[in-house]
Protein chains: 2
Amino acid sequence: MRISLIGSGRVATHLAQALAQQHEIVNIYSPTLINAQQLAESVDAIAIDQLSALVPDLDLIIIAVKDQAILACVEQLDSALAQVLVVHTSGSTDLSVIATHHPRAGVFYPLQSFSFEREIDWSQTPILIETAQSKDQTLLLELAKSLSERVYPYNSQQRLSLHLAAVFASNFSNYCYDIAAQIVQQQHVDFDLLKPLIVETALKATQQAPDNAQTGPARRGDVQIIAQHQALLAQQQQHAFADIYQIMSQGIIERHKLS
Amino acid sequence: MRISLIGSGRVATHLAQALAQQHEIVNIYSPTLINAQQLAESVDAIAIDQLSALVPDLDLIIIAVKDQAILACVEQLDSALAQVLVVHTSGSTDLSVIATHHPRAGVFYPLQSFSFEREIDWSQTPILIETAQSKDQTLLLELAKSLSERVYPYNSQQRLSLHLAAVFASNFSNYCYDIAAQIVQQQHVDFDLLKPLIVETALKATQQAPDNAQTGPARRGDVQIIAQHQALLAQQQQHAFADIYQIMSQGIIERHKLS
């Protein structure tokens, strides 16, 4: 397939590099030309900083930009691109954001946490697809399967619930790690000590339901330890962390009160 | 060394089985004899359900019971055991809980999440030790090093801060997974889809500081997506999850507002 990418951030970078193994990347667009150039060079594509410069002879345009910027990109597409399938990569943006302006619309959402520092195992990364026109589903399915063994057609509502769940499972768990790092730092204790625990907890969740794997003072109803932890947080003036400790512990206690 | 264990739960089980590779396990105590017997059989020890039945010819007694039960165990130890080093395995219990009743007191705290279903990589599990008498530190250090390459003498305050941090890094991150599982279940979406993301997020935290690794709508300041997620939670009547979403997002926004 001949594919152009709008965007040069984390998702665009990982996608372009993975797709370039099997497909032709034509253009990489970024409003900042140097960013587009950097990515374009690595995938043998042509960098552009104007959407009007997109080569129209394409099978697919992938919009991998911030959610709020998707609509503006769609609105700027040239009429010469009217016959090209255009997809976004967002978990929480409705298909209609593209479809109301461009009939051949779709979503190509890779459910993974992308960073510049780490490679992605694409074959195990779930890709959720959705298309406005059923004939386009075949094309998008084929593309997704060229990257991943785990491709799922889901509607916008299901995708939104998955993205919301991913915020808890990834963004909020990472924030828990960050709080832990701040707590030990205050006592001059090395955060490295917590790393085996972090990895073990995540691996455990892949083997058993997280409610069965739940441990800790709140799960045991150990009010004495909870009080000690709250006292330490108060002593360290970490009132925001104390509030989070409280609400999370309460949630765990409620969740398990009948078991 | 000749070691007896008080307790037959997750920590006692993993410890007994790891120690039995290189040391002699003499007694396993549980108030429920069948529990003690089950573990004792696997490590070639003698099960007891009375603390007075502990064989006194020992180098070490490990108390691996619920935090609130430690004191009662120490108080019941026979005077024939006065010369034996007695340690507990708790992250948040002060050394003094043993030391005020038994001068040869210590702490042997393995910082890991134990479950019956999964094996532990002991060589990489941090073990935190503390002793009331400096001569006992050598003994406990030697024992800890027979299991792990990562042994640290820390005082009770540092250990408390590590345990508190571990509650965030492990118990609360697991609760985030549990919430995610409940959210997708309501839309008949498979929780398995989130597993690569969970593991990747944890592995990332071992390679870069969690604050640098933070992603998601709160990190990007994407108020539109945050509002959509809140609306979905309200629609699903998940008000407790909405409160957690709010407080965690606020924390992430505050954390990164200057970056």
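Chain A is the first sequence line, chain B the second, and so forth, proteins listed ahead of strands; every chain is numbered from 1. Quantities reported herein were computed from a predicted structural model and do not represent experimental measurements.
Residue contact with chain B, scored on non-hydrogen atoms closer than 4.5 Å, is absent for Gln230(A). In this structure, the portion of Phe114(A) lying under 4.5 Å from any heavy atom of chain B is its backbone and not its side chain. Of the two parts of Ser249(B), the backbone and the side chain both hold a non-hydrogen atom closer than 4.5 Å to a non-hydrogen atom of chain A. Only the side chain of Gln224(A) comes within less than 4.5 Å of a heavy atom of chain B; its backbone N, CA, C and O stay farther away. Residue contact with chain B, scored on non-hydrogen atoms closer than 4.5 Å, involves the backbone and the side chain of Asp192(A) alike. At a 4.5 Å heavy-atom cutoff, the contact between Ile198(A) and chain B is made by backbone and side-chain atoms alike. For Gln124(B), the part sitting under 4.5 Å from any heavy atom of chain A is the backbone (N, CA, C, O) and nothing else.
Checked against the 6.0 Å centroid threshold, Phe172(B) and Tyr245(A) count as a close aromatic pair.
Side-chain N or O atoms of Gln187(B) include none that pairs as donor or acceptor with a backbone N or O of Leu162(A) at under 3.5 Å.
You'll find the side chain of Leu164(B) stays beyond 4.5 Å of the side chain of Gln228(A), heavy atoms only.
Considering only heavy-atom pairs separated by less than 4.5 Å from chain B, the leading option among Gln157(A), Gln186(A), Gln250(A), Lys66(A) is Gln157(A).
The structure places CG of Asp190(A) at 8.0 Å from CZ of Arg150(B), a figure rounded to the nearest 0.5 Å. Ile225(B) CD1 to Leu160(A) CG: the interatomic distance, rounded to the nearest 0.5 Å, is 8.0 Å.
Remark: the Ser173(A) side chain and the Ser173(B) side chain contain no N/O donor-acceptor pair separated by less than 3.5 Å.
Between Asp178(A) and Arg255(B), at least one side-chain N (NZ, or NE/NH1/NH2) sits under 4.0 Å from a carboxylate O, which counts as a salt bridge.
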